[in-house]
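The structure presented is a predicted model; accordingly, all values stated were derived computationally and were not measured. Residue numbers begin at 1 in each chain, while the letters A, B, ... track the order of the sequences. Hydrogens, waters and symmetry mates play no part in the numbers below; they use all other heavy atoms, side chains included.
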There are 4 protein chains.
Amino acid sequence: MNALRNSVRLIGHMGDAPKVKKLDGGKTVANFSIATNEIYHDASGTRQSETTWHKMVAWGKQAEVIEKYAGKGTELAIEGKLTNRSWDDKNGEKQYITEIVVNSVLLLDKKNQAVEA
Amino acid sequence: MNALRNSVRLIGHMGDAPKVKKLDGGKTVANFSIATNEIYHDASGTRQSETTWHKMVAWGKQAEVIEKYAGKGTELAIEGKLTNRSWDDKNGEKQYITEIVVNSVLLLDKKNQAVEA
Amino acid sequence: MNALRNSVRLIGHMGDAPKVKKLDGGKTVANFSIATNEIYHDASGTRQSETTWHKMVAWGKQAEVIEKYAGKGTELAIEGKLTNRSWDDKNGEKQYITEIVVNSVLLLDKKNQAVEA
Amino acid sequence: MNALRNSVRLIGHMGDAPKVKKLDGGKTVANFSIATNEIYHDASGTRQSETTWHKMVAWGKQAEVIEKYAGKGTELAIEGKLTNRSWDDKNGEKQYITEIVVNSVLLLDKKNQAVEA
DNA sequence: TTTT
DNA sequence: TTTT
């Protein structure tokens with residue numbers, strides 16, 4: 001199945017409020033970013049943290065949960081798949097972007113423990 | 001641990017031979033692409049396949065296994081983490097790229113079943 | 001979502017032909033075992049392999065794919081969830097068993113590369 | 001690699017304080033249970049929850065983090081591998097148990113967010 | 001035996 | 001742009 005071929009799991013925090021749109025036909029899309037922090041110790045033994053930002057896209061029920069219960073700083077666990085998109089920029093150069101399409105969301109903040117999609 | 005925060009799993013085929021470099025100090029790096037195919041059925045019930053290409057980077061022991069045993073068309077299972085890099089292109093525009101840094105490789109072609117890293 | 005709370009991924013070989021039953025109502029169930037091999041090097045540097053056997057249960061479409069395309073020795077990738085069952089044995093002692101309920105199957109043998117569920 | 005062949009991921013709560021032992025040689029082992037809750041809606045549309053209990057074993061650094069920072073009710077994300085053990089019970093019958101050997105732990109309670117192993 |  |  002597809003989840004065995006292409007699967008991403010992240011646990012991190014939303015960088016900002018999601019950008020939510022209602023499409024013609026009523027489907028909801030939510031775009032947002034998640035930061036994951038990698039903890040490691042450098043050569044001198046000092047604890048270091050390195051942040052990676054991930055661009056996320058959620059559709060339908062997942063988007064609605066994100067819209068209602070998640071915002072800037074919310075901690076989430078997410079399972080999704082990698083996708084690529086491209087477009088032509090103002091210089092006529094092709095630009096590529098990698099996004100994660102959300103399959104499942106789990107809100108990890110205490111007040112939202114019962115919410116998932 | 002970091003593998004719980006940022007983890008990608010792919011099962012797919014290499015698009016071409018890996019580009020392998022030996023760094024000063026002897027460390028090996030291998031760059032390559034993997035295609036994953038998503039199978040789905042369209043509105044008319046016809047079976048469709050959609051390919052996503054993933055840019056991969058392997059270091060050290062993983063790079064050496066890739067160099068020795070994998071080539072164009074090799075089927076692989078991979079676990080890694082998402083990372084982003086940027087650079088300035090010829091127009092002075094910042095370009096972004098998402099890559100997967102390989103943590104584990106498993107060669108799925110019969111002749112290589114015993115090889116992994 | 002539930003796949004974020006309880007998820008198992010295995011890549012291994014079937015130990016025997018699956019035991020397949022058709023339930024009243026037409027639903028198919030398949031019971032089978034998968035062996036995973038852990039490769040490691042012992043204190044003397046000798047390559048060792050340790051096998052773990054996993055009890056699997058597949059339902060519906062997944063069971064039908066297993067029944068049609070998989071048999072003794074077939075290599076599979078599987079995603080599923082852990083479950084426990086208990087029953088009373090002939091001594092009246094409660095027995096416990098852990099099984100993996102299959103969510104997704106991917107057949108890794110060349111002749112079956114196009115089959116999944 | 002072995003993490004690709006046999007991997008479990010759980011997000012759940014510890015049922016009780018861990019049982020921690022120091023082995024001769026100084027290695028630490030921690031045994032504990034984690035409950036995962038599956039949420040679903042029954043035929044009548046009522047929200048139902050089903051609990052699965054998982055037996056966990058952590059060694060070394062992972063065991064020490066569990067001992068210091070986790071207790072009854074602590075929410076954890078865990079990555080590990082499935083293993084089986086057997087012993088002979090008082091009736092001379094062989095008993096089998098499936099356990100998850102912890103590779104990575106992430107504490108999800110707010111006060112412990114910086115702790116992982 | 002957990003949690004919401 | 002997050003969090004500890």
[X] [atom1] - [N] [atom2] separation (whole Å):
X: A/Leu10; N: F/dT1; atom1: CG; atom2: C1'; value: 15 Å
X: A/His13; N: F/dT4; atom1: NE2; atom2: P; value: 6 Å
X: D/Ile34; N: E/dT1; atom1: CD1; atom2: C1'; value: 12 Å
X: A/Ile66; N: F/dT1; atom1: CD1; atom2: P; value: 21 Å
X: C/Asn84; N: E/dT1; atom1: CG; atom2: P; value: 16 Å
X: A/Leu76; N: F/dT2; atom1: CG; atom2: P; value: 15 Å
X: D/Glu50; N: E/dT1; atom1: CD; atom2: C1'; value: 16 Å
X: B/Leu4; N: F/dT4; atom1: CG; atom2: P; value: 19 Å

Pick base, sugar-phosphate or nothing for [X], based on heavy-atom distances below 4.0 Å to the nucleic acid.
X: D/Thr51; answer: base
X: D/Ser49; answer: nothing
X: A/Gly12; answer: nothing

For this session: Mark yes or no for whether B/Glu99, through its side chain, and B/Lys55, through its backbone, hold a donor-acceptor pair below 3.5 Å.
Result: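 No, B/Glu99 side chain to B/Lys55 backbone: no donor-acceptor pair under 3.5 Å.
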For this session: Apply side chain to side chain contact (heavy atoms under 4.5 Å, CB included) to A/Val20 and list each qualifying residue two or more places apart in sequence or on a separate chain.
Result: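 Partners of A/Val20 under the side chain to side chain contact (heavy atoms under 4.5 Å, CB included) test: A/Pro18, A/Thr28, A/Ala30, A/Glu67.
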For this session: Could you pull out all residues at least two apart from C/Glu50 that satisfy side chain to side chain contact (heavy atoms under 4.5 Å, CB included)?
Result: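 Side chain to side chain contact (heavy atoms under 4.5 Å, CB included) list for C/Glu50, sorted by chain: C/Tyr40.
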For this session: Counting heavy atoms from C-beta on, name the nucleotide in E/dT1, F/dT1, E/dT3 closest to the side chain of A/Lys72.
Result: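 Closest nucleotide among those given: F/dT1.
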Problem set entry | Residue A/Ser33, side-chain heavy atoms: nucleotide from E/dT2, F/dT2, F/dT1 that is nearest |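 Within the option list, the nearest is F/dT1.
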Problem set entry | Sole residue of D/Asn103, D/Val102, D/Ile100 in side-chain contact (heavy atoms from CB on, under 4.5 Å) with D/Val8 |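 Exactly one pass, corresponding to D/Ile100.
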